[in-house]
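Below is one structure; the comments refer to it alone.
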Amino acid sequence: MAALLSRLHHVSIHVSNAERIAAELSSKFKFNLFAARFTGRSRQLAFRKGAAVFVVNERPTQGSVGLNEGPGALDKHGPRRVDAGKRTPGGSSACLYDVSPRHPVDTVSNVCFEVEDVERSFKVLRHLGCNFLVPPTTVEDEDGPVTYSVVKSVVGNVCHTLIDKTKYRGVFLPGFDFTVKDSEGEDVSCPVTHFDHITYACPRGTTQQVMSWYEKLFGFQRFFIDSNEDVDEGFVVNQEGIGLRLTAMQYWKCSEAGIALPSVDKKDPDCKFVIAESLPDQGSNQVDTFLEQHQAPGVQHIGLYTKDIVSTAHTMAKAGVQFFSPPPAYYTEVGKQQEIEEAGHSPQMLAQHGILLDTDLHQDPLSQTASSENRRYLLQVFTKPIFAEDTFFLELIERRGATGFGEGNIRALWRSVQAYMENERTDSRGEGPPKTVQTAPY
Ligand SMILES: O=C(O)C(=O)Cc1ccc(O)cc1
Ligand SMILES: [Fe+2]
């Protein structure tokens, strides 16, 4: 039996300069800083937009604490409690609810999940051979206790904090102080509601191992991105210089149902996970670039779900977010133009910010043709890398019925990134004038 997850709680970023990424998240991506924790050695800043929460941790530059040296590090005597009664919880620990990674570059390295019972999860997972970096540890403040534990994932530097907040009445976590109350109302110009998916960049040949790990330990289930996808191969795009293998998995929120088996009580799927690996002999690509520059497998991008991608991209672009754009021909190609119009959008509006549209022609088994009612759409736009290296980026995604990832969008994204790496990126580093990039038609 796996340890089931109630829901995704937050995603934690570790950077050398918290101020820079904090400014990006709040002024450009319109996240609200709502809680913060400062110690002599570190800063942790929590930002949210809808249910999507990022915690930005500043890497201590000197005398940093290693993975297994933290205050809650696992000792040979099993779990130990840093416990009750503290008004200022967490003492001086550098990264409460996380480990301070010794990672050489900025990175998104912890995906924190809520669970119902950390002690129980710990026992189950340890029995299944899981590697714990922090044993169950309780911290509390006047709003009650929270118990957490940190487990190392099979993917590069990724860790998962498992957290039980069921007895906690506060808004975020003990140890964090509230900053100005963020506006609770919906931001109509930028309606991002939650994390849609998290994509890992992994080395060739490791997808199966990653899938099995998440299946066995957390009960994740495979889902097919495409109806023609091969069970063993995953969704393979291997043409015209694109060499990508994608495999997707998800879990079901199970908090309200107690520990129900996902197959018995299918609740809404929570954030999906995508494993991306490159294929050989297709030249340089964004997955290998990530692996080189990040110096490990890890979180390559996160899809932010929005109810209105046009308005969100417009607001963010005005605030300075840079998006990848496909070549203008994408929007003037007859088939694509018609597809965009049939979906109720204007090619000009989508072109303005590089928004891609894919149609999933879901054929009703009883009907001969795919009518407009069973067309499902997927709109996506990808930002340029957020950190100094070509590693992590964000994506905006609006789903109109489509649940997977569009092959056309993946191709368009791939080409835009390729063009950027060969052209703009070198140009922005002052290495010569822009070159004309030849791209294949869509
Ligand atoms: O399409 C998406 O949003 C995905 O998440 C799939 C994906 C994964 C990795 C890439 O380098 C490009 C596309
Ligand atoms: Fe994505």
Side-chain angles (χ1 to χ4, degrees), residues 8 11 52 108 111 155-156 158 192 194-204 206-207 210-211 222-226 229 233-250 269-279 282-294 297-306 309 312-313 323-324 326 330 354-360 376-386 389-400 402-421 442:
L8 197 149
V11 169
V108 175
V111 180
V155 177
V158 177
V192 168
H194 60 277
F195 293 129
D196 178 85
H197 63 276
I198 295 180
T199 298
Y200 289 147
C202 292
R204 280 181 204 144
T206 62
T207 294
V210 174
M211 269 290 307
R222 170 82 177 271
F223 80 92
F224 293 104
I225 293 173
D226 189 85
E229 181 176 335
E233 295 293 309
F235 179 49
V236 173
V237 189
N238 193 11
Q239 276 168 23
E240 299 157 14
I242 307 173
L244 185 64
R245 183 196 307 285
L246 298 176
T247 312
M249 52 191 186
Q250 64 192 348
D270 205 353
C271 181
K272 303 174 172 84
F273 282 73
V274 179
I275 307 163
E277 61 170 81
S278 69
L279 301 171
Q282 291 284 10
S284 78
N285 65 75
Q286 60 196 107
V287 175
D288 291 340
T289 302
F290 177 95
L291 294 174
E292 279 157 30
Q293 298 205 14
H294 183 254
V299 177
Q300 183 221 33
H301 76 262
I302 295 183
L304 301 174
Y305 186 92
T306 172
I309 196 168
T312 305
F323 294 106
F324 278 116
Y330 176 89
I355 298 168
L356 310 169
L357 178 135
D358 223 332
T359 308
D360 175 6
R376 300 169 175 190
Y377 300 100
L378 179 69
L379 295 123
Q380 290 169 288
V381 63
F382 299 85
T383 75
K384 292 191 175 164
I386 306 290
E389 294 76 23
D390 284 331
T391 52
F392 177 70
F393 57 91
L394 287 166
E395 166 192 338
L396 300 177
I397 183 163
E398 180 184 337
R399 293 182 184 278
R400 298 271 188 91
T403 51
F405 300 92
E407 179 167 358
N409 285 3
I410 293 167
R411 286 179 196 282
L413 164 68
W414 192 271
R415 293 207 183 93
S416 326
V417 174
Q418 235 39 33
Y420 163 78
M421 290 200 294
Y442 289 86

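We number each residue from 1, following the sequence as shown. Order of appearance sets the numbers: ligands from 1, and atoms from 1 within every ligand. As the structure is a prediction and not an experimental result, all values here were calculated from the model.
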Checklist entry - Below 4.0 Å from any atom of ligand 1, is there a heavy atom belonging to F382? => result yes

Item to check | Under 2.8 Å: N/O/S of D196 next to the Fe ion (ligand 2) | outcome: no

Next on the checklist: Between E229 and R245 (salt bridge meaning N to carboxylate O under 4.0 Å), is one present in this structure?
Outcome noted: no

Checklist entry - Taking 4.0 angstrom as the limit, do D288 and R204 come out as a salt bridge? => result yes

Once rounded to the nearest 0.5 Å, what's the spacing between atom [atom1] of [X] and atom [atom2] of [Y]?
X    : Y    : atom1 : atom2 : value
F273 : L8   : CZ    : CG    : 6.0 Å
D358 : I410 : CG    : CD1   : 8.0 Å
I225 : D360 : CD1   : CG    : 12.5 Å

Checklist entry - Is there a ring-ring contact (aromatic ring centres under 6.0 Å, His included) between H301 and F290 once you walk through the steps? => result CA-CA 10 Å; H301 76 262; F290 177 95; 9.8 Å; no

Atoms of ligand 1, numbered as shown, that sit under 4.0 Å from any heavy atom of [X]:
X    : result
T199 : 5 (O), 8 (C), 9 (C)
H197 : 3 (O), 5 (O)
I410 : 1 (O)

Item to check | Residues Q300 and T199: side-chain donor-acceptor under 3.5 angstrom | outcome: no

Item to check | Pick from K272, Q286, E395: the one approaching atom 11 (O) of ligand 1 most closely through a non-hydrogen atom | outcome: Q286

Checklist entry - Counting heavy atoms only, which of E407, R411, Q300, Q380 comes nearest to atom 1 (O) of ligand 1? => result Q380

Checklist entry - F382 and F323: aromatic ring centres closer than 6.0 Å? => result no

Checklist entry - Using heavy atoms and a threshold below 4.0 Å, how should the contact between I397 and ligand 1 be classified: side chain, backbone, both, or neither? => result neither

Item to check | Closest approach of any protein heavy atom to atom 7 (C) of ligand 1, naming residue and atom | outcome: L246 CD2, 3.8 Å

Checklist entry - Nearest protein heavy-atom contact for atom 13 (C) of ligand 1: which residue, which atom, what distance? => result L413 CD2, 3.9 Å

Item to check | H197 NE2 and E395 OE1 subtending at the Fe ion (ligand 2) (10° steps) | outcome: 90°

